[in-house]
Amino acid sequence: MILASEMICSSRVSVRRLSLTWMLVLAAFFALLREPVLTAAQPNILFIFTDDHGAQSISAYGSRINKTPHIDRIAKEGMLFENCMVSNAICGPSRAVILTGKHSHLNGFTDNGSTFDGSQQTFPKLLQTSGYQTAMIGKWHLKSDPTGFDYWDVLIGQGPYYNPPMIRNGTRVAREGYTTEILTDLALDWLKDGRDRDKPFMLMYQHKAPHRNWQPGPKYLRMYDDVEIPEPPTLFDKWEGRSSANREQKMTIEHDMNASDLKLVAPRNLTAKQRADWDAAYVPKNEAFRAMNLSGRDLVKWKYQRYAKDYLRCVAAVDDNIGRVLDYLDENGLRENTIVIYSSDQGWYLGEHGWFDKRWMYEESLRMPFLIRWPGVISPGSTNRDLIQNIDFAPTFLEMAGVPIPEPIQGRSIVPLLRGKRPTDWRDSLYYHYYEFPGAHSVRRHYGVRTERYKLIHFYRKQEWELFDLATDPDEMRNEYSNPNYRDTVTTLKGELERLRSLYRVSDEADEAIDKRRSSRRRSR
């Protein structure tokens, strides 16, 4: 027989047990509120980035001068974008736009003289707070230390092609070897041993190459020696009928390449073995060049060949090392749940219009390569012609990870395009703005609008305009701005340009800040 007192005691124990159970349930619930909820659907993100890699030297984009089989793998297994455009064609500003999803005048990094404000919102920070492990390896080039990364190991400034000193999580580290291979080794080391395998990762793996001055690695020093690289049709362009800014620049192959660019002198930071390999490759070629005593067009043609071959040698090293990383993903069960993106900070001139470098709003420097592989989402081997821009990268990465896209971001996610579903309100024009003048290569400040067919450029401190009809003049050799047949087109594009400037909140403040900063530096000298 059970006494009433025993029943009461048993009841109290049950209540205490029930209360303890609910306390544990509630504690677990609130812990979930504090911690990000990770799901199997959250993919890894590998962002492979190069410096100054023009799409015309990628075989997936139809290159007639080289082959890039490993970059092409991304296109074959994913999607290639034909109209990905930069918002400001210079190294640091493009990187700042990618991190923030905001145009240069709003993220504060307008030219390479700027310093990135690392306290502002960036997509790596947002991924971090959503449970991603983030890493940055390679070329950073924003002056301030990286923020938003669990691990970072970056080149100092531009970084050299050989034996690069680097900064790893705030500590300077000396390394020996060819930089393209070193950065790949570091990326693979982090993927193998540096990450938490219970978390999704976002790795920014960013090369120095093929930035000026195009120093090939030991394995590539004789590549293309017996090959004649085709010249671009506009190699001897005289820029007739276009803005006077074209004639004032300092970036011609004919006049503005130095002895280091042309490998007439060896790099100063090589080891004895590296120098021996370098001299064995270049000394005989340089002796043959001097013996020819070239001048005029023949000298320009020789300079072009030397420049193009060295540039393509650097590209070949990058491509091979990208292959190493893709192979690692395939061989270690990471392929299916890792999104792989390949891009470069802007395009580049490989002799078009007689130039090297970037900066202009013309197609060669405006166009960024952009290829992406996302197994199970992207139809392999697909191509997209919609207008996208580097302001779109941040919101795209966030949507891929299932992270809400906050208001300050100016770009749009391209995830619908990747799924083959173009939104009806997708943009039909892009805004561009270049600020770095006075500066390297003396390219004047300009802004403009590009649509599928037309491009209107305003050199606003010279009050000069250019209009190009890309359908009839893809090489941008004829300025149609004063052509009466295009009067209505000019009027329409000027209206669209003002709409975009209003949409993106463009004002004169950025120019004024640059002028003030440059004036202050002159006074302090």
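By convention here, the first residue in the shown sequence is residue 1. Values below: every heavy atom of this structure, side chains too, minus hydrogens, waters and symmetry copies.
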Result of checking D51, D52, D357, N258 against R212 for side-chain contact (heavy atoms from CB on, under 4.5 Å): N258
Beyond-backbone contact of [X] with [Y], side-chain heavy atoms, under 4.5 angstrom:
{"X": "L430", "Y": "M361", "value": "no"}
{"X": "K208", "Y": "I182", "value": "no"}
{"X": "V86", "Y": "Y434", "value": "no"}
{"X": "R517", "Y": "D111", "value": "yes"}
{"X": "L371", "Y": "Y61", "value": "yes"}
{"X": "T396", "Y": "V415", "value": "yes"}
{"X": "I378", "Y": "E77", "value": "no"}
{"X": "F149", "Y": "W140", "value": "yes"}

Atom [atom1] of [X] with >12 non-hydrogen neighbours under 6.0 angstrom:
{"X": "R168", "atom1": "CZ", "result": "no"}
{"X": "K67", "atom1": "NZ", "result": "no"}
{"X": "R64", "atom1": "CZ", "result": "yes"}
{"X": "K143", "atom1": "NZ", "result": "yes"}

If we ignore hydrogens and angles and just use 3.5 Å, is the side chain of [X] paired with the main-chain N or O of [Y] as donor and acceptor?
{"X": "N169", "Y": "Y151", "answer": "no"}
{"X": "D392", "Y": "R412", "answer": "yes"}
{"X": "S343", "Y": "P369", "answer": "yes"}
{"X": "Y432", "Y": "A89", "answer": "yes"}
{"X": "N88", "Y": "T110", "answer": "yes"}
{"X": "E181", "Y": "Y178", "answer": "no"}
{"X": "H105", "Y": "Y504", "answer": "yes"}
{"X": "N44", "Y": "F201", "answer": "yes"}
{"X": "Y224", "Y": "K309", "answer": "no"}
{"X": "E352", "Y": "P232", "answer": "no"}

Ion pair [X]/[Y], N-O distance below 4.0 Å:
{"X": "R275", "Y": "D279", "value": "yes"}
{"X": "R335", "Y": "D330", "value": "yes"}
{"X": "D261", "Y": "R306", "value": "no"}
{"X": "D225", "Y": "R313", "value": "yes"}

Determine, using ring centers only, whether [Y] and [X] are less than 6.0 Å apart.
{"X": "W355", "Y": "W360", "answer": "yes"}
{"X": "F356", "Y": "Y311", "answer": "no"}
{"X": "F123", "Y": "F393", "answer": "no"}

Residue among Y282, Y220, W214 satisfying side-chain hydrogen bond (donor to acceptor under 3.5 Å, both in side chains) with D310: Y282
Reported [atom1]-to-[atom2] distance for the pair [X] and [Y], which is rounded to 0.5 angstrom:
{"X": "L418", "Y": "S413", "atom1": "CG", "atom2": "OG", "answer": "7.5 Å"}
{"X": "I372", "Y": "L46", "atom1": "CD1", "atom2": "CG", "answer": "10.5 Å"}
{"X": "R95", "Y": "N390", "atom1": "CZ", "atom2": "CG", "answer": "11.5 Å"}
{"X": "D150", "Y": "K199", "atom1": "CG", "atom2": "NZ", "answer": "6.5 Å"}
{"X": "Q389", "Y": "L366", "atom1": "CD", "atom2": "CG", "answer": "8.0 Å"}
{"X": "I388", "Y": "R427", "atom1": "CD1", "atom2": "CZ", "answer": "8.0 Å"}

Minimum-distance pair of heavy atoms, taken over all atoms of [X] and [Y]:
{"X": "T100", "Y": "Q121", "value": "CG2-O, 3.8 Å"}
{"X": "T179", "Y": "P160", "value": "OG1-O, 2.7 Å"}
{"X": "R385", "Y": "N83", "value": "O-ND2, 2.8 Å"}
{"X": "D256", "Y": "M251", "value": "OD2-N, 3.0 Å"}

Give a yes-or-no answer on whether the side chains of [X] and [Y] include a donor-acceptor pair shorter than 3.5 Å.
{"X": "S59", "Y": "D72", "result": "yes"}
{"X": "T180", "Y": "N321", "result": "no"}
{"X": "R175", "Y": "N163", "result": "no"}

S63 vs T68, side chain to side chain contact (heavy atoms under 4.5 Å, CB included): CA-CA, chis, key distance, verdict: CA-CA 9 Å; S63 172; T68 51; over 6 Å; no
side-chain hydrogen bond (donor to acceptor under 3.5 Å, both in side chains) partners of K273, counting only residues at least two apart: D277
Contacts of type side-chain hydrogen bond (donor to acceptor under 3.5 Å, both in side chains), residue Y205, not counting sequence neighbours: T184, H207
Worked verdict on F397 versus V403 for side chain to side chain contact (heavy atoms under 4.5 Å, CB included): CA-CA 9 Å; F397 299 154; V403 178; over 6 Å; no
Full working for side chain to side chain contact (heavy atoms under 4.5 Å, CB included) between D153 and W190: CA-CA 10 Å; D153 200 338; W190 186 82; over 6 Å; no
Derivation of the side chain to side chain donor-acceptor pair (under 3.5 Å) call for Q215 and K263: CA-CA 8 Å; Q215 295 176 11; K263 312 305 180 295; over 6 Å; no
